[in-house]
Amino acid sequence: MKKIISLSLILIILSCSETVKNDIKIKNNVDDRVNILSDDYIKKTGQKLSDFEKKTSVQIVVLFIDSIGKNDLDTFVNEIANSNGIGQKHVNNGILIFLSKDDKKIRINVGCGLEWIISDKIAGSIIQEMIPYLKNGNFEDAIDLAINKITTLSESVSWKISKKSLNKLNNSDINSIFQFEGKKIKEEPVENLEYDNQSNEFITVKTKEGISLNLLITFYRYYSYFINEKKDVIITARLTKVTPVTFQLLGVER
């Protein structure tokens, strides 16, 4: 394994943000631009991530660069993830493991659909576990640790979109993903937060078929801004309760 000087890492966790331009074009699932990783490791891990994507549709990408310059880390990494289309359309299930060698910064960028499963708290915990390896120059072990934890969490649920009618939901459909057209009726406060990244408000949506349902959103709220009272939009969401019908928002086609 190739080594460089130990890193004093700045921890910057995930956020889901608006797509903006970025000129870094990721070449492979493991894109090492500073020659930290061995060729054998890049090949083996790249194949592992490719196989995992075929199995689950979850796309995990590793990117090492030398520096982000004077750019803000949050914005910079989000630009890369969004401009390269990491993750699948509608379900937004991509993850970018990013390291900037000269800046001594690491970030795990999690797609909006995966935020319900890999929250800020979990991403931060993964990074904390990576730090001892990174400080000793054991970059491959650090990346393996992150990948193993991320794959275990992200394959715990299905990422296929069900074609079942919302009129026929039952408990066996919990954790399934659905697509439907609807518009916002109102927004209300949440009495008890159930998830780490959950917003303290939820949206009541009425579908084109006349079904009213609750839509939980994360505190980043990005896709929720595209759901309004004026027109129906296509919503992708994961069912969490049948009574009352409650979903987690994954994405909005606008």
Side-chain angles (χ1 to χ4, degrees), residues 11-20 58 72-75 77-79 81-82 86-96 107-127 150 153-154 156-157 159 161 166 169 173-207 211-254:
L11 301 183
I12 309 289
I13 316 302
L14 61 93
S15 69
C16 183
S17 70
E18 185 176 1
T19 302
V20 291
V58 175
D72 172 75
L73 182 61
D74 281 13
T75 303
V77 180
N78 273 307
E79 288 175 358
N82 288 320
I86 298 175
Q88 309 304 322
K89 185 179 179 181
H90 303 302
V91 294
N92 299 297
N93 59 349
I95 289 190
L96 174 60
R107 188 177 194 272
I108 296 178
N109 183 285
V110 181
C112 299
L114 264 170
E115 285 180 341
W116 295 103
I117 298 169
I118 302 176
S119 64
D120 287 15
K121 182 178 179 180
I122 292 173
S125 175
I126 293 172
I127 290 176
I150 289 168
L153 290 166
S154 58
S156 64
V157 293
W159 293 95
I161 298 175
L166 296 186
L169 296 177
D173 298 311
I174 289 176
N175 285 327
S176 297
I177 297 175
F178 293 83
Q179 265 188 350
F180 47 86
E181 289 187 66
K183 65 178 66 173
K184 180 167 76 173
I185 302 301
K186 58 183 176 179
E187 196 165 311
E188 296 183 80
V190 174
E191 293 183 3
N192 298 301
L193 298 179
E194 301 177 59
Y195 306 96
D196 286 343
N197 278 10
Q198 186 178 349
S199 170
N200 58 8
E201 296 177 314
F202 71 93
I203 299 171
T204 299
V205 170
K206 190 170 186 178
T207 69
I211 299 171
S212 293
L213 55 88
N214 296 332
L215 193 61
L216 306 182
I217 57 178
T218 67
F219 54 69
Y220 293 117
R221 295 185 61 94
Y222 173 53
Y223 279 106
S224 68
Y225 291 122
F226 300 104
I227 304 173
N228 55 53
E229 299 91 345
K230 296 181 180 179
K231 66 175 183 178
D232 292 307
V233 292
I234 299 174
I235 297 168
T236 305
R238 187 183 299 281
L239 182 69
T240 61
K241 290 181 183 179
V242 175
T243 307
V245 179
T246 305
F247 286 87
Q248 295 169 336
L249 177 64
L250 304 184
V252 175
E253 187 172 332
R254 57 192 193 280

Any heavy-atom pair between the side chains of V157 and I117 that's under 4.5 Å? yes
Fill in: Side chain R238, main chain N175, donor-acceptor under 3.5 Å
yes
Margin query: Take a 6.0 Å sphere around NZ of K184 and say whether it holds more than 12 heavy atoms from other residues, nucleotides or ligands.
Written below: yes
Legend entry - Trace of the side chain to side chain contact (heavy atoms under 4.5 Å, CB included) decision for W116 with L250: CA-CA 9 Å; W116 295 103; L250 304 184; 3.9 Å; yes
Side chains of T204 and E188 in contact at under 4.5 Å (non-hydrogen atoms): yes
The reported gap from CG in D232 to CD1 in I227 (rounded to nearest 0.5 angstrom) is 11.0 Å
Begin from the C-alpha positions of Q179 and T236 and carry the test side-chain hydrogen bond (donor to acceptor under 3.5 Å, both in side chains) through to its verdict. CA-CA 5 Å; Q179 265 188 350; T236 305; 3.1 Å; yes
| Is atom NZ of K206 surrounded by more than 12 heavy atoms (other residues, nucleotides or ligands) closer than 6.0 Å? | no
Rounded to the nearest 0.5 angstrom, the CD-CZ distance for Q248 and F202 is 14.5 Å
Q: May I ask you to say whether R221 pairs ionically with E187, meaning some side-chain N is under 4.0 Å from a carboxylate O?
A: yes
Taking G111's backbone N and O only, do any of them form a donor-acceptor pair with N92's side chain (distance below 3.5 Å, no angle check)?
no
Report yes if some heavy atom in the side chain of L216 is under 4.5 Å from a heavy atom in the side chain of L249; otherwise report no.
no
- [ ] Start with the C-alpha gap between D120 and Y220, add the side-chain angles, then the distance that decides, and say whether side-chain hydrogen bond (donor to acceptor under 3.5 Å, both in side chains) holds.
- [x] CA-CA 11 Å; D120 287 15; Y220 293 117; 2.6 Å; yes
- Determine, step by step, whether F247 and V245 satisfy the side chain to side chain contact (heavy atoms under 4.5 Å, CB included) criterion, reporting the C-alpha distance in whole Å, the side-chain angles of both residues, the deciding distance to 0.1 Å, and the verdict. CA-CA 7 Å; F247 286 87; V245 179; 3.4 Å; yes
Side chain of W159, backbone of S154: donor and acceptor closer than 3.5 Å? yes
Shortest non-hydrogen pair, V190 vs S199, comes out as CG2-O, 3.8 Å
(message) I235 vs F178, test: side chain to side chain contact (heavy atoms under 4.5 Å, CB included). Steps then yes/no.
(response) CA-CA 8 Å; I235 297 168; F178 293 83; over 6 Å; no
Indicate yes or no: at least one non-hydrogen side-chain atom of T207 is less than 4.5 angstrom from one of E181. no
OG of S125 to CD1 of I118, rounded to nearest 0.5 Å, is 11.5 Å
Geometric class of the F226/Y223 ring pair [parallel <30°, tilted 30-60°, perpendicular >60°] = tilted
Does a donor on one side chain sit under 3.5 Å from an acceptor on the other, for N197 and T218? no
What one should report as the nearest heavy-atom pair of S224 and I203 is CB-CD1, 3.9 Å
Between L166 and L169 the two heavy atoms that sit nearest each other are O-CG, 3.4 Å
- Message: Given 3.5 Å as the limit, does a donor-acceptor pair link the side chain of D72 with the main chain of T75, or not?
- Response: yes
Might you work through the side chain to side chain contact (heavy atoms under 4.5 Å, CB included) test for E253 and H90, ending with a clear yes or no? CA-CA 7 Å; E253 187 172 332; H90 303 302; 2.8 Å; yes
* Return yes if some donor-acceptor pair links the side-chain N/O of S156 with the main-chain N/O of L153 below 3.5 Å, else return no. => yes
Fill in: E229/K186 ion pair, N-O < 4.0 Å
no
In terms of heavy-atom contacts, S119 and D196 come closest through OG-OD2, 3.1 Å
Evaluate the side-chain proximity of V205 to I185: yes if any heavy-atom separation is below 4.5 Å, no if none is.
no
To the nearest 0.5 Å, atom CG of L96 lies from atom CG of N82 at 10.0 Å
One should read off an interatomic distance between N78 CG and L73 CG, to the nearest 0.5 angstrom, of 9.0 Å
Worksheet entry | Donor-acceptor contact below 3.5 Å, side chain T240 vs main chain T246 | yes
Between the CG atom in L239 and the OG atom in S176, the distance rounded to the nearest 0.5 Å is 7.0 Å
